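One structure is given here, and the rest of the page talks about it.
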Amino acid sequence: FGAGAVIAFYTSASDRQVQSMAYSLDNGKTFKKYARNPILTSTQRDFRDPKVIWHEDTKKWIMVLAVGQEMEIYSSADLKNWTLESKFGEGQGAHGGVWECPDLLELPVEGTELKKWVLVCNLNPGGPFGGSATQYFVGTFDGKKFVNESPAVTKWMDWGKDHYATVTWSDAPDNRRIAIAWMSNWQYANDVPTSQYRSPNSIPRDLSLFAIDGGIYLQSAPSPELLKLRGVSKKRSFKVNGTRIVKDLIPNNEGAYEIELSLKNQQAEIIGFRLYNDKGEEVDMQYDMKEKKFSMDRRKSGEVNFNENFPMLTWTAIEEDKDEMKLRLFVDRSSVEAFGDGGRFAMTNQVFPSEPYNHISFYSKGGAYKVDSFVVYKLKK
């Protein structure tokens with residue numbers, strides 16, 4: 001199409017789904033559809049969501065497509081003519097529903113010189129708490145075939161109820177991989193008590209890999225640019241043995257703030273904290289040190305009765321023998337996003353309180369714990 005052309009790939013849908021291409025010769029201001037569309041067709045009903053990357057080792061373009069409950073991998077030298085190289089998915093991961101929105105990326109393994117390939121796969125339904133979710137696979141990719149190195153394990157990018165249709169950007173500065181998801185779930189996406197829109201995007205997350213217990217997992221850390229949103233703050237530290245209430249988290253609370261917590265256990269079995277407002281609406285979070293779990297309970301978070309699948313407690317496993325925890329919470333008017341230990345776990349949940357949560361109650365059971373650092377930042381618009 002000429003030097004500097006911008007190529008867009010998209011799924012066309014009528015009685016079936018096919019892959020099409022358009023090109024721009026004015027840096028993306030206007031696009032013209034390719035005259036020989038479609039470039040790929042299938043007999044499968046669900047055939048969509050092209051993700052195209054450049055594979056340096058084979059000097060070819062790679063397209064990953066979601067097809068039913070598997071991924072198909074194609075290659076091309078010219079972006080116009082595509083060859084099916086392999087299929088991935090049978091016997092791998094979760095299969096509760098259709099696979100969607102694939103992504104294929106190479107990431108460094110923290111603390112090593114290694115890199116691994118990650119295949120991202122969104123599915124609906126079949127998530128860990130019902131409905132939509134994002135799973136991923138870690139392994140190798142040679143330009144033709146992706147091989148999952150741990151086929152017996154299903155891995156989830158986020159352990160909340162509202163993290164779906166995750167996409168990443170190629171060629172971001174400093175080789176960063178930044179992901180954003182749609183913060184909702186098809187079990188109730190059309191029923192949420194909002195007008196004009198049907199749920200926001202998640203905050204951007206920088207992706208990397210880390211090794212633990214013989215496996216390699218995805219780490220989702222809040223992108224560092226979010227630090228620029230921090231406004232005035234106040235740091236506190238205290239011991240919790242029973243209950244400790246902090247009233248009025250920030251002045252003029254409009255609902256958007258970040259909480260940064262550093263915790264040290266002192267024989268507590270439960271390390272808990274509850275965000276709440278004057279209407280009695282609350283989001284309860286806790287580390288269960290005996291069960292080795294972190295959980296978020298939104299069953300009393302505000303308006304929850306618009307769909308039977310919305311009231312929910314979500315949870316994820318935490319590392320064994322860990323008595324020091326760091327947690328960042330991004331709270332907005334209709335969401336809570338939790339990131340544990342630099343993003344080793346992430347948990348994203350919508351909430352619909354009638355007014356912002358402006359108080360927090362820390363509590364312990366079976367012992368005490370120390371809040372080494374508790375900081376609340378008002379987030380700038």
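Here, residue 1 is the first one in the sequence, and each next residue gets the next number. Worth saying up front: this structure is predicted, and the values here are computed from it rather than measured.
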**Request:** Could you give me the CA-CA distance, side-chain angles and deciding distance for Glu100 and Arg48, then say whether salt bridge (charged side-chain N to carboxylate O under 4.0 Å, His left out) is met?
**Result:** CA-CA 7 Å; Glu100 294 187 302; Arg48 58 178 174 268; 2.8 Å; yes

_Show, in sequence, the C-alpha distance, side-chain angles and deciding distance for Lys144 and Thr58, and conclude whether the side-chain hydrogen bond (donor to acceptor under 3.5 Å, both in side chains) test is met._
CA-CA 9 Å; Lys144 293 179 180 291; Thr58 56; over 6 Å; no

_Derivation of the salt bridge (charged side-chain N to carboxylate O under 4.0 Å, His left out) call for Asp372 and Lys264_ = CA-CA 7 Å; Asp372 277 342; Lys264 190 176 291 181; 3.7 Å; yes

Side chain to side chain contact (heavy atoms under 4.5 Å, CB included) between Leu119 and Met71, intermediate numbers included:
CA-CA 9 Å; Leu119 180 63; Met71 301 302 183; 4.2 Å; yes

- [ ] Before giving the answer on side chain to side chain contact (heavy atoms under 4.5 Å, CB included), spell out for Lys32 and Ser24 the whole-Å C-alpha distance, their side-chain angles and the decisive distance to 0.1 Å.
- [x] CA-CA 6 Å; Lys32 187 174 182 179; Ser24 172; over 6 Å; no

**OP:** Please lay out, stage by stage, how Val371 and Val240 fare under the test side chain to side chain contact (heavy atoms under 4.5 Å, CB included).
**Re:** CA-CA 7 Å; Val371 179; Val240 180; 4.0 Å; yes

| request: Evaluate the criterion side chain to side chain contact (heavy atoms under 4.5 Å, CB included) for residue pair Gln135 and Leu123; output intermediate values, then yes/no. | output: CA-CA 7 Å; Gln135 65 179 328; Leu123 87 161; 4.1 Å; yes

Decide yes or no on salt bridge (charged side-chain N to carboxylate O under 4.0 Å, His left out) for Arg205 and Asp158, but give the supporting numbers first.
CA-CA 11 Å; Arg205 301 148 190 232; Asp158 189 285; 3.0 Å; yes

Is there a salt bridge (charged side-chain N to carboxylate O under 4.0 Å, His left out) between Asp103 and Lys51? Walk through the geometry before answering.
CA-CA 6 Å; Asp103 210 325; Lys51 176 66 186 232; 3.2 Å; yes

Problem set entry | Audit row: Asn358, Asn253, side-chain hydrogen bond (donor to acceptor under 3.5 Å, both in side chains) steps and yes/no | CA-CA 7 Å; Asn358 202 31; Asn253 187 351; 2.7 Å; yes

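Atom NZ of Lys292 has more than 12 heavy atoms from other residues, nucleotides or ligands within 6.0 Å. Around the CD atom of Gln267, the shell of radius 6.0 Å holds no more than 12 heavy atoms that belong to other residues, nucleotides or ligands.
Residues Phe352 and Phe310 bring their aromatic ring centres within 6.0 Å. Aromatic rings from Phe146 and Phe88 are positioned such that their centres are separated by under 6.0 Å. Here the two rings, on Phe294 and Phe345, have centers that are under 6.0 Å apart. Ring centers of Trp117 and Phe141: under 6.0 Å apart, within the cut-off.
With Lys116 as the fixed residue, the salt bridge (charged side-chain N to carboxylate O under 4.0 Å, His left out) test singles out one of Glu149, Glu110, Glu106: Glu149. The only member of Ile360, Asp284, Thr243 that meets side chain to side chain contact (heavy atoms under 4.5 Å, CB included) when paired with Arg274 is Asp284.
The aromatic rings of Trp156 and Trp159 sit perpendicular, their planes meeting at an angle over 60°, well past the 30° parallel limit. Ring geometry for Trp54 against Trp61 counts as perpendicular: the plane angle is over 60°, on a 0 to 90° scale with 30° as the lower cut. In this structure, Phe273 and Phe362 have tilted ring planes: the angle between them lies in the 30° to 60° band.
In the hydrophobic clustering, Tyr136 connects to Leu105, Leu107, Val109, Leu114, Val118, Val120, Val138, Val153, Met157, Leu207, Leu209, Phe210, Ile212, Ile216, Tyr217, Leu218, either directly or through intervening members, whenever side-chain heavy atoms lie under 4.5 Å apart.
Nearest heavy atoms, Pro311 versus Arg299: C-CG, 3.8 Å. For Asn185 against Gly131, the heavy-atom pair with the smallest separation is OD1-CA, 3.4 Å. Contact detail for Glu85 and Ser75: the closest heavy-atom pair is OE2-OG, 2.6 Å.
The cluster map of Ile, Leu, Val, Met, Phe, Trp and Tyr, joined by side-chain heavy atoms under 4.5 Å apart, puts Ile39 and Val64 in different clusters. By the criterion of side-chain heavy atoms lying less than 4.5 angstrom apart, applied directly or through intervening Ile, Leu, Val, Met, Phe, Trp or Tyr residues, Ile53 is not grouped with Ile7; the two fall into different hydrophobic clusters. One hydrophobic cluster holds both Leu25 and Phe9 under the rule that ILVMFWY side chains link at heavy-atom gaps under 4.5 Å. There is a path of hydrophobic side-chain contacts, each under 4.5 Å, that joins Leu263 to Ile259. Following chains of ILVMFWY side-chain contacts shorter than 4.5 Å, one cannot reach Tyr276 starting from Met312, and the two form parts of different hydrophobic clusters.
Side-chain contact between Leu249 and Leu275: present, with at least one pair of heavy atoms (C-beta onward) separated by less than 4.5 Å. Side-chain contact between Arg36 and Lys80 is absent, with no heavy atoms from C-beta onward closer than 4.5 Å.
Here Asp206 pairs with Arg176, Ile178, Ser223, Pro224 under the side-chain contact (heavy atoms from CB on, under 4.5 Å) rule; sequence neighbours left out. By the side-chain contact (heavy atoms from CB on, under 4.5 Å) test, Asn252 is found to be paired with Lys378, residues two or more places apart in sequence or in another chain being considered.
Salt-bridge check for Lys365 with Glu269: failed, with every basic side-chain N at 4.0 Å or more from each acidic carboxylate O. Using a cut-off of 4.0 Å between Lys/Arg side-chain N and Asp/Glu carboxylate O, Glu258 and Arg328 are scored as salt-bridged. The pair Lys381-Glu254 counts as a salt bridge, with a side-chain nitrogen and a carboxylate oxygen less than 4.0 angstrom apart. A salt bridge does not link Lys290 to Asp288: none of the charged side-chain nitrogens sits closer than 4.0 Å to a carboxylate oxygen. The pair Glu260-Arg230 meets the salt-bridge criterion, with a side-chain N (NZ, NE, NH1 or NH2) lying under 4.0 Å from an Asp/Glu carboxylate O.
Between the side chain of Asp49 and the backbone N or O of Cys101, at least one donor-acceptor pair lies under 3.5 Å. In this structure, Lys161 contributes its side chain and Gln350 its backbone to no donor-acceptor pair below 3.5 Å. In this structure, Gln286 contributes its side chain and Met296 its backbone to no donor-acceptor pair below 3.5 Å.
For the pair Arg16 and Phe47, the NZ or CZ position fails the cation-pi test of under 6.0 Å to the six-membered ring centre and within 45 degrees of the ring normal.
For Asn122 and Thr134, the side-chain atoms include at least one donor-acceptor pair closer than 3.5 Å. Checked by atom type, the side-chain pair Ser354/Glu281 shows a donor-acceptor distance below 3.5 Å.
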